[in-house]
**Student:** 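First the structure, then my questions, so here it is.
Given the structure is predicted, the values throughout are model-derived calculations rather than measurements. Convention: sequence-line order gives letters A, B, ...; per-chain numbering from 1.
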Number of protein chains: 2
Amino acid sequence: MKLTQGADYGMAAVLYLSQRSEDRRYSLDEISRATEIPEEFLRKIFQTLVKSGIINSFKGRGGGVSLARSARDITVAEVIKPLEEEMGLVRCLREKENCPRSSECMASNFWRKTQQNFFEILNSTTIKDLIEGGKQNARKG
Amino acid sequence: MKLTQGADYGMAAVLYLSQRSEDRRYSLDEISRATEIPEEFLRKIFQTLVKSGIINSFKGRGGGVSLARSARDITVAEVIKPLEEEMGLVRCLREKENCPRSSECMASNFWRKTQQNFFEILNSTTIKDLIEGGKQNARKG
DNA sequence: CCTTAATTGGACTAATTTAGTCTTATTATA
DNA sequence: TATAATAAGACTAAATTAGTCCAATTAAGG
Ligand code: FES
Ligand code: FES
C-alpha cells in the first residue's frame, strides 16, 4: 500500500513552491537541487501537473514553473490523483471484467468505501492546510 | 495506491472460509477451484496467515485449512497486514534514513495520519462485519 | 537575428517488485 | 506402505515503476 514515487515527489515539489514567493518562476534545475528530486523525473511530474491545471509553466529564458492557483485552493487530491495512474485498492475495483468471486464476495464494497474515505481526506485537505498544520497541528474545515 | 494481489486474494479466501461451515477442513485444491485463486499462490498466502494465527492448517490425508478463530474475532487488518509487506504510503514513512526534504516538509505528518486513519478502519472491521454488511448495509461498532 | 536558457513530448532503459510456479521434504491417515 | 495433503523456500516471468535521454520548441537578451 503505497503511493507512486511520482505522487510522493509531486507533493514535495508543490509544497516547495507553496512555501515560496508566488511572484516568480522556479526553474526545474533550481527545484531539483533544492528538493533532491531527480530533475528529469521532476520534469515529467510537472508536465502532468501542468496538464491538470495546478501548475503554470513557461518556456524559454527566464522560464520555469509556478503555482497556477493559490495554495489555499489546491487540494492534496488534485496533486495526487493525476500522478497515481493505477487507482483501485483491489483488482475488482480496477478492472472492468467482472470478478469470478463477485457472487459471494463481500469485500469489494468494503474496499470501495474505505478508498472513498481515503480520498475524502485528500479532497478536504489543501496544501495550505498542510503548511499551517506543520506549524500548529491540524485544523481543518 | 493498491493492495498487493496476495492481500486481495487473502481476503477473498478468508471470506470464503468464513461463509462456510467451521466444522471441516478445506483443501487448497478445493478453495482454489472455488475462488479461482491460483493454487500455489494461495498456498503461500495461507502459509503467511497460518504464521500470524488466523488460519489453522493440517497436513496429510484429510488435511486442509480452517479459520483459527471465529470470523467475528478476525479483523480485516489482521488479514491484510501480514500480506502487505511494504507498508508506508510514501518513501519517508518506509525508510529509516532521513529524508533530504524533511526540514521544510509538511507532508509526512499528513501521510502518517491519513495512513493511520486507514488502518483504524481495517482494525475496527471484522470479517463478520463484512459478511453481514453485504446483506444489510454497514453497521459497525 | 542569433545564442542561450528554458520547457515539451515521447521514446527508451534499468531496476525493482509482484505474481506466480516448481520442487523437495514432511506429515497424517487409511 | 501408499496416498493425500501442507511446508518451506528457491526460482522465474511478467509487469510496473522509476528514471534517463533526446530532438523539437519557445522565449528573452544581446
Ligand atoms: S473479489 Fe471480486 S467482487 Fe470481490
Ligand atoms: S518528503 Fe521526506 S520528510 Fe517529507
Side-chain angles (χ1 to χ4, degrees), chain A residues 1-13 17 24-33 35-52 54-66 68 80 82-91 94-95, chain B residues 1-13 17 24-33 35-68 80 82-91 94-95:
Chain A
M1 236 268 302
K2 58 186 189 188
L3 261 38
T4 60
Q5 197 53 40
D8 187 346
Y9 284 157
M11 274 294 292
L17 288 177
R24 51 171 288 236
R25 298 162 182 179
Y26 296 82
S27 76
L28 276 275
D29 175 67
E30 177 177 2
I31 302 173
S32 164
R33 270 184 290 100
T35 58
E36 299 192 28
I37 298 169
E39 180 169 349
E40 292 300 316
F41 195 11
L42 187 57
R43 200 180 300 288
K44 253 188 20 175
I45 292 167
F46 273 122
Q47 280 175 26
T48 304
L49 295 179
V50 164
K51 270 186 201 137
S52 64
I54 291 157
I55 294 289
N56 280 147
S57 69
F58 307 88
K59 284 184 173 186
R61 213 179 237 238
V65 299
S66 64
I80 296 306
L83 296 169
E84 276 286 323
E85 56 293 330
E86 275 270 57
M87 248 20 153
L89 229 30
V90 294
R91 196 174 271 179
R94 292 190 297 265
E95 299 182 348
Chain B
M1 237 268 301
K2 58 185 190 187
L3 261 39
T4 59
Q5 197 52 41
D8 187 346
Y9 284 157
M11 274 294 291
L17 287 177
R24 52 171 286 233
R25 298 161 181 179
Y26 295 83
S27 76
L28 276 277
D29 174 68
E30 176 178 2
I31 302 173
S32 165
R33 270 185 289 102
T35 58
E36 297 192 31
I37 299 170
E39 180 171 347
E40 292 302 315
F41 195 12
L42 186 57
R43 199 180 299 285
K44 253 187 24 176
I45 292 168
F46 273 122
Q47 280 175 26
T48 303
L49 295 179
V50 165
K51 270 184 201 137
S52 64
I54 292 155
I55 293 289
N56 281 148
S57 69
F58 306 89
K59 285 183 170 184
R61 210 180 240 238
V65 299
S66 64
L67 290 185
I80 295 306
L83 296 169
E84 274 288 321
E85 57 292 329
E86 276 271 56
M87 249 19 155
L89 230 30
V90 295
R91 199 175 269 182
R94 291 189 298 264
E95 299 181 348

**Student:** Could you grab the distance from atom OG1 of A/T35 to atom CD of A/E30, nearest 0.5 Å is fine?
**Tutor:**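 It is 10.0 Å, given to the nearest 0.5 Å.
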**Student:** Working to the nearest 0.5 angstrom, can you tell me the gap between A/M11 CE and A/I45 CD1?
**Tutor:**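 It is 12.5 Å, given to the nearest 0.5 Å.
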**Student:** Indicate whether OP1 or OP2 belonging to D/dG19 is found under 4.0 Å from a side-chain N or O atom of A/Y9.
**Tutor:**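 So the side-chain polar atoms of A/Y9 do come within 4.0 Å of the phosphate oxygens OP1 or OP2 of D/dG19, strictly under.
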**Student:** Taking CD from B/E86 and C1' from D/dT17, how many angstroms apart are they, rounded to a whole number?
**Tutor:**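 It works out to 12 Å between those atoms.
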**Student:** Nearest whole Å is fine: how far is D/dA7 C1' from B/F46 CZ?
**Tutor:**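 Going from B/F46 (CZ) to D/dA7 (C1'), I get 14 Å.
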**Student:** Salt bridge check, B/R43 against B/E39: does any charged N sit closer than 4.0 Å to a carboxylate O?
**Tutor:**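 Judged by the 4.0 Å cut-off on N to carboxylate O distance, B/E39 and B/R43 do form a salt bridge.
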**Student:** Near DNA chain C, counting only heavy atoms under 4.0 Å, which residues of residues 58-66 of chain A show up?
**Tutor:**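 A/F58, A/K59, A/G60, A/R61, A/G64, in order of number.
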**Student:** Quick check: does any side chain N or O of A/S57 sit under 3.5 Å from a backbone N or O of A/G64, one acting as donor and the other as acceptor?
**Tutor:**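 Pair absent, no side-chain N/O of A/S57 close to backbone of A/G64.
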**Student:** Hey, which of these two, A/R25 or B/K51, hits DNA chain D nearer its 5' end, going by closest nucleotide?
**Tutor:**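 This one resolves to B/K51.
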**Student:** Hey, what do you get for NZ (B/K2) to OG1 (A/T4), rounding to the nearest 0.5 Å?
**Tutor:**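 Rounded to the nearest 0.5 Å, the NZ-OG1 separation comes out at 11.0 Å.
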**Student:** Send over the distance from A/R24 CZ to C/dA6 P, rounded to a whole Å.
**Tutor:**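 Taking CZ of A/R24 and P of C/dA6, I get 11 Å after rounding.
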**Student:** Between atom CD in A/E30 and atom P in C/dT7, what is the gap in whole Å?
**Tutor:**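 The answer, rounded to whole Å, is 10 Å.
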**Student:** B/R91 has an atom CZ; how far is it from atom C1' of D/dG19, in whole Å?
**Tutor:**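 From B/R91 CZ to D/dG19 C1': 10 Å.
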**Student:** Enter the distance from A/M1:CE to B/M1:CE here, rounded to the nearest 0.5 Å.
**Tutor:**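 So the CE of A/M1 and the CE of B/M1 are separated by 6.0 Å.
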**Student:** To the nearest Å, give me how far apart NZ (A/K44) and P (D/dC22) are.
**Tutor:**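 Result: 16 Å.
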**Student:** Does a side-chain N or O of A/S27 approach OP1 or OP2 of C/dT7 to a distance below 4.0 Å, or not?
**Tutor:**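 Indeed not, no polar side-chain atom of A/S27 lies that close.
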**Student:** So, does the side chain of B/Q5 form a donor-acceptor pair with the base of C/dA19 at under 3.5 Å?
**Tutor:**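 Such a pair does not exist between side chain and base.
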**Student:** Given the structure, check if the side chain of A/E40 and the base of D/dG19 hold any donor-acceptor pair shorter than 3.5 Å.
**Tutor:**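 Checked by distance alone, the answer is no.
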**Student:** May I have the distance from A/E39 (atom CD) to D/dC22 (atom C1'), rounded to whole angstrom?
**Tutor:**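 Checked: the CD to C1' distance equals 14 Å.
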**Student:** Rounded to the nearest 0.5 Å, what separation is found between the CG atom of B/L17 and the CD1 atom of B/I31?
**Tutor:**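 Result: 4.5 Å between the selected atoms.
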**Student:** Tell me: CG of B/L28 to C1' of D/dA4, nearest whole Å?
**Tutor:**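 Distance check: B/L28 CG to D/dA4 C1' gives 12 Å.
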**Student:** Of all the nucleotides listed (C/dT7, D/dT20, C/dT21), which has the minimum atom distance to the side chain of A/F41?
**Tutor:**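 The answer is D/dT20.
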